[in-house]
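In what follows, a structure is listed as structure tokens, so that the remarks can point back to it.
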Number of protein chains: 2
Amino acid sequence: MEEKDTVQNILDSAQALVQRRGYNAFSYKDVSLEVGVRGASIHYHFPTKADLGVALVRRYRNYVEVQLKRIREQGGDAPEQLRQFVKLYQSVVTEDGRLCLNCMLAADFPTLPESVAAEVRYSLECNAVWLERVFAQGSAEGTLQFRRSASEEAHAFLAGIEGGMLLARAYGTPRAFETLALGAVMALEV
Amino acid sequence: MEEKDTVQNILDSAQALVQRRGYNAFSYKDVSLEVGVRGASIHYHFPTKADLGVALVRRYRNYVEVQLKRIREQGGDAPEQLRQFVKLYQSVVTEDGRLCLNCMLAADFPTLPESVAAEVRYSLECNAVWLERVFAQGSAEGTLQFRRSASEEAHAFLAGIEGGMLLARAYGTPRAFETLALGAVMALEV
DNA sequence: AATTGTATACCTACATGTAGATAGATGTCA
DNA sequence: TGACATCTATCTACATGTAGGTATACAATT
């Protein structure tokens, strides 16, 4: 019965560590100290670091997908959905210096085990696809105006979001992310 | 006489390694293998990794500043200067999976020695300030249109550039960076 | 001109700690 | 009893340095 808890605790701890420090700057020992089990126990649940990484990205993607689905089903107009998107990522980037998991792992990309890299690539693509649909909707309903294709605009928007997190943290002004991201939505409204 | 060469070789090698793998995923040994001197010799020139990091960021910032000054002095209109800015960063992100040094280090931010972190923060700010001036010029000369302040627009543009690099590399399509970034310029032209 | 001093740029060898991983023992509960 | 979860103990590899020595060059001293 402890199993579930331990696994969840490991994932929670590891996720926070990756979001703050990246894939290469956290260790089983860090997790073990936070969770209160020995390193060997983490290997029991996640034999290799790659296994842990894959589990992390999948769980995160699942969570995000659920939230994105909810936003679409709420049925607001395109700008409102983009604002909800921003809000979601703002909640993911809590006060304590975290970045979006995918963003951090994208930075570590060339050093990631291929299995983890593939999961990250797919997660990013999911976000882009969701955004593309919102941009298409905004164009159709006349609430967003832009010159590029919906796909290009979606990728650009996502780039701005990920880059915005990076910069806001480096400047030490996490609030700046919200301003930046909501400003980007406003800039596209009709 | 070897001295200058060795130091430059160390910096060149270390810069490429940081741009590809980040601050935490390269070692003195990696550099030593590439340069062909022993690890201890690198410590001779750069006593600690933080010293090496600071030297790296300063040299890079210097290079970028020289290029940006040149672009301003060439005196094109604002969109042209932005395109040159994109071109500069495209050249920095060569074919081999590199990212802008500041972008990589921004991702590693919480794990950086404070001395290195401060240099990165300053470098990013230099870019933002340069961009802000271009946006102000574009607004004044009527070649760029945007709704936010020049400062906000500059930070958003920079975020898009840094985030665009990250995504392009993760997708494995480095060419996408150019499309994305030049598209962002086009979207702002009158 | 030969000798000594001094700085540079390396080197070998080692110290200390951590990372990721494994083997095998122990406890615990249905 | 047996499966599951965790432990202790250990391994190999590597990271970041430090200690101390060597080779070379270029002065200044005699």
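Order of the sequence lines sets the chain letters (A, B, ...), proteins ahead of strands, with each chain counted from 1.
- Rounded to an integer number of Å, the gap from B:Phe26 CZ to D:dT16 C1' is 11 Å.
- Taking 4.0 angstrom as the limit, B:Tyr44 places a side-chain polar atom (N or O) nearer than this to OP1 or OP2 of C:dA9.
- One atom, NE2 of A:His43, and another, C1' of D:dT8, lie 14 Å apart when rounded to the nearest Å.
- Looking at B:Arg59 and B:Asp12, a side-chain N of the basic residue comes within less than 4.0 Å of a carboxylate O on the acidic one, giving a salt bridge.
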Original post:
Would B:Glu114 and B:Arg121 satisfy salt bridge (Lys or Arg N to Asp or Glu O under 4.0 Å), going step by step from the backbone distance to the final call?
Top reply: CA-CA 10 Å; B:Glu114 179 48 37; B:Arg121 214 180 288 119; 3.7 Å; yes
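- Atom CD1 in B:Ile42 sits roughly 19 Å away from atom P in C:dT8 (whole-Å rounding).
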**OP:** Report the C-alpha separation of A:Arg70 and A:Gln74 in whole Å, then their side-chain angles, then the decisive distance to 0.1 Å, and conclude whether the side-chain hydrogen bond (donor to acceptor under 3.5 Å, both in side chains) test is met.
**Re:** CA-CA 6 Å; A:Arg70 190 182 48 73; A:Gln74 271 172 223; 2.7 Å; yes
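- Between the P atom of D:dC14 and the CG atom of A:Asn24 lies a distance of 15 Å, rounded to the nearest Å.
- A straight line from CZ of A:Arg38 to P of D:dA9 spans 10 Å, rounded to a whole angstrom.
- With distances taken from any side-chain atom of A:Val37 to the nucleotides D:dA15, D:dC7, D:dT16, the minimum falls on D:dC7.
- Map A:Ala40 and A:Asp30 each onto its nearest nucleotide of DNA chain C; the residue landing nearer the 5' end is A:Asp30.
- When rounded to the nearest whole Å, the span between NZ of A:Lys29 and P of C:dA19 equals 7 Å.
- Atoms OH (A:Tyr28) and C1' (D:dC7) sit 17 Å apart, rounded to a whole Å.
- The side chain of A:Thr6 places an N or O atom within less than 4.0 Å of a non-bridging phosphate oxygen (OP1 or OP2) of D:dT6.
- Minimum atom distance to the side chain of B:His45 is reached by C:dA9, of the listed C:dT12, D:dC7, C:dA9.
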Subject >> Trace of the side-chain contact (heavy atoms from CB on, under 4.5 Å) decision for A:Val7 with A:Phe46 >> reply: CA-CA 9 Å; A:Val7 167; A:Phe46 303 98; 4.0 Å; yes
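- Contact check, B:Ser41 against C:dA9: no side-chain N or O comes under 4.0 Å of OP1 or OP2.
- Here A:Ser27 reaches the OP1 or OP2 of C:dA19: one of its side-chain N or O atoms lies under 4.0 Å away.
- A heavy-atom distance below 4.5 Å is not found between the side chains of A:Val185 and A:Phe85.
- Whole-Å rounding puts the A:Asp51 CG to C:dA19 P distance at 19 Å.
- Contact check, A:Lys49 against C:dG20: a side-chain N or O comes under 4.0 Å of OP1 or OP2.
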